[in-house]
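Counting starts at 1 for both ligands and their atoms, in listed order. Note that this is a predicted model, so its numbers are computed, not measured. In this chain, residues are counted from 1 in sequence order.
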Amino acid sequence: MNDQLDLLNRLPLRDNLRGLAPYGAPQLDVPVLLNVNENTHGLPQEVADAIAARVKSAVAGLNRYPDREFTELREALAKYLGHGLSAGNMWAANGSNEVLQQILQAFGGPGRRLLSFPPTYSMYPLLASGTDTEYVTARRGADFGLTADQAAKAVRDTAANIVVLCSPNNPTGTALGLDVVEAVYEAGEASQAIIIVDEAYAEFAHVGTDSALTLLPGRERLIVSRTMSKAFALAGARVGYLAAAPQITDALRLVRLPYHLSAVTQATALAALDHADALLANVEEIKSQRDRIVNELTSLGLQPAPSDSNFVFFGGLKDPHKVWQGLLDAGVLIRDVGIAGHLRVTAGTEAETTAFLDRLRELL
Ligand SMILES: *Cc1c(COP(=O)(O)O)cnc(C)c1O
């Protein structure tokens, strides 16, 4: 391993990549995988069949490049989101990670700063580094909350060029009030900051949680990013997307690789969107398991954060690593996100959730 690292470091790597290890959560082969917030329900059979049929017809045309503008997909995404959006507001790429990367390629880069609020999604600093954008942070409160005043002050203090707000936030699970987004947008006026709201888990939010999509009209620096990886159970297909002013999507056309969304990807996403209702029915089941986890952890004397996502972040553990290992020994993989006293667990199927809760009860 060290030899390999030596060999790597002898290459003329960019300075900001020197010494880095590739990022990625462990992919272990255990029976109950609750560590990366995947949708633990497989695709319903009718949806799997519809995808297979649509992909089959796309295969006939694979000798040609796909629709570079993925117009049909942008139309379907706009229809799914509603809020008066149309194809001109939509953009998509291979996972919302690639969407975020394209935003940084267009609006970040050397001499520019991206601000975010840890603990938050661990990909933001890596995407910043990969595009030579400076990554700056401002802390959250002791309860991991973020107020409009705190956030706006950080935007002014850093004169950030890009701000990423994750809502519901990963790893803590809680959604932000829209007052925070509004305040950050206004505070970003001076530095003309692009404000990204990463709503990867929006479909799992409690009823009454407003999406930042409602704030888009009249805010041309605001971008709301979404993904089909979580609620749509399509992590393996790699489809993320965003809604924003049409001029934002025009900016992304300057940096995207031509034909970046394959015909197979477009066909898969279109078939899944045709069956959004069936997929969102599973979301309701996952939300009930999520609420069950919050209730049971509370009765075990632990401190789960309020969750609007498909996972629960919980504190009150004396030795989180020991609990994590004890669960793994029983075939249940959850996530140690490196925050003292805390762990994060994805809401599973009813049986997976039971396996997690039973083993945890024994360990405590
Ligand atoms: C899972 C997740 C995503 C989704 O990434 P994809 O590339 O679309 O799979 C984006 N943001 C956050 C905060 C996530 O947790």
Side-chain angles (χ1 to χ4, degrees), residues 22-25 27 33-40 43 70 73 77 80-81 90-105 114-128 130-131 135 137 140 144 146 162-176 181 195-205 209 211-212 223-243 252 256 260-262 265-266 268-269 272-273 279 283 286 290 305 307-313 334-335 337-339 344-347:
Y23 170 76
Q27 290 195 306
L33 289 169
L34 302 176
N35 66 327
V36 288
N37 302 340
E38 290 154 336
N39 189 316
T40 45
L43 290 167
F70 46 100
L73 177 57
L77 289 167
Y80 166 66
L81 287 185
M90 307 305 301
W91 187 253
N94 297 283
S96 56
N97 278 297
E98 187 178 67
V99 171
L100 295 171
Q101 174 169 273
Q102 291 177 341
I103 297 170
L104 294 196
Q105 286 175 322
L114 179 150
L115 168 68
S116 115
F117 299 87
T120 191
Y121 189 38
S122 43
M123 278 305 298
Y124 302 148
L126 291 169
L127 290 164
T131 55
Y135 183 66
T137 61
R140 292 165 179 265
F144 303 112
L146 188 62
I162 302 175
V163 183
V164 193
L165 298 167
C166 189
S167 177
N169 186 47
N170 182 2
T172 54
T174 318
L176 287 173
V181 181
I195 313 300
I196 305 166
V197 185
D198 181 349
E199 292 192 347
Y201 300 97
E203 286 91 345
F204 299 97
T209 310
S211 163
I223 299 176
V224 180
S225 109
R226 296 278 187 105
T227 182
M228 296 186 80
S229 292
K230 311 286 162 57
F232 278 81
L234 278 185
R238 312 305 301 127
V239 188
Y241 58 101
L242 63 72
L252 300 179
R256 61 106 175 91
H260 69 289
L261 268 190
S262 82
T265 303
Q266 294 183 42
T268 302
L273 284 161
L279 291 165
V283 165
I286 293 165
R290 179 265 324 270
S307 177
D308 295 293
S309 54
N310 68 340
F311 57 88
V312 178
F313 177 70
I334 69 166
R335 190 73 169 267
V337 288
I339 298 170
R344 189 193 72 191
V345 63
T346 307

### Message
Ring centres under 6.0 Å, that's the criterion: do Phe232 and Tyr80 meet it?
### Response
yes
### Query
So Val164 and Tyr121, side-chain contact (heavy atoms from CB on, under 4.5 Å) or not? Walk me through it.
CA-CA 10 Å; Val164 193; Tyr121 189 38; over 6 Å; no
### Query
Counting each atom of ligand 1 from 1 as listed, which ones have a heavy atom of Ala200 under 4.0 Å away?
2 (C), 3 (C), 10 (C), 11 (N), 12 (C), 14 (C)
### Query
Of all the atoms in ligand 1, which lie at a distance below 4.0 Å from a heavy atom belonging to Gly95?
6 (P), 7 (O), 8 (O)
### Message
Counting the benzene-type ring for Trp, do Phe311 and Tyr201 have ring centres under 6.0 Å apart?
### Response
yes
### Message
Could you walk me through whether Arg226 and Ser211 satisfy the side-chain hydrogen bond (donor to acceptor under 3.5 Å, both in side chains) test, starting with their C-alpha distance in whole Å, then the side-chain angles of each, then the deciding distance to 0.1 Å, before giving a yes or no?
### Response
CA-CA 11 Å; Arg226 296 278 187 105; Ser211 163; 3.3 Å; yes
### Message
Is there a polar contact, in the sense of an N or O pair closer than 3.5 Å, between Glu98 and ligand 1?
### Response
no
### Message
Donor-acceptor pair, distance only, cut-off 3.5 Å: does the side chain of Ser262 make one with the backbone of Thr265?
### Response
yes
### Query
Is a side-chain N or O of Asn39 found less than 3.5 angstrom from the main chain of Ala231, in a donor-acceptor match?
yes
### Task
Quick one: look up the protein heavy atom nearest atom 15 (O) of ligand 1 and list residue, atom name and how far away it is.
Tyr201 OH, 2.6 Å
### Task
Please confirm whether Arg238 comes within less than 3.5 Å of ligand 1 when only nitrogen or oxygen atoms on both sides are compared.
yes
### Message
Tell me whether ligand 1 is touched by Asp198 - counting only heavy atoms on the residue side and a distance under 4.0 Å.
### Response
yes
### Query
Short N/O distance, under 3.5 Å, between Asn170 and ligand 1?
yes
### Task
Indicate yes or no: does an N/O atom of Ser96 lie under 3.5 Å from an N/O atom of ligand 1?
yes
### Message
Under a plain distance cut-off of 3.5 Å, with no hydrogens placed, do Asn37 and Thr346 share a side-chain donor-acceptor pair?
### Response
yes
### Message
Closer than 3.5 angstrom, by distance alone: can the side chain of Ser309 be matched with the main-chain N or O of Asn169 as a donor-acceptor pair?
### Response
no
### Message
Return the closest protein heavy atom for atom 9 (O) of ligand 1 as residue, atom name and distance.
### Response
Ser229 OG, 2.7 Å
### Query
Which protein heavy atom lies closest to atom 2 (C) of ligand 1, and at what distance to 0.1 Å?
Lys230 NZ, 2.4 Å
### Query
Is ligand 1 less than 4.0 angstrom away from at least one heavy atom of Cys166?
yes
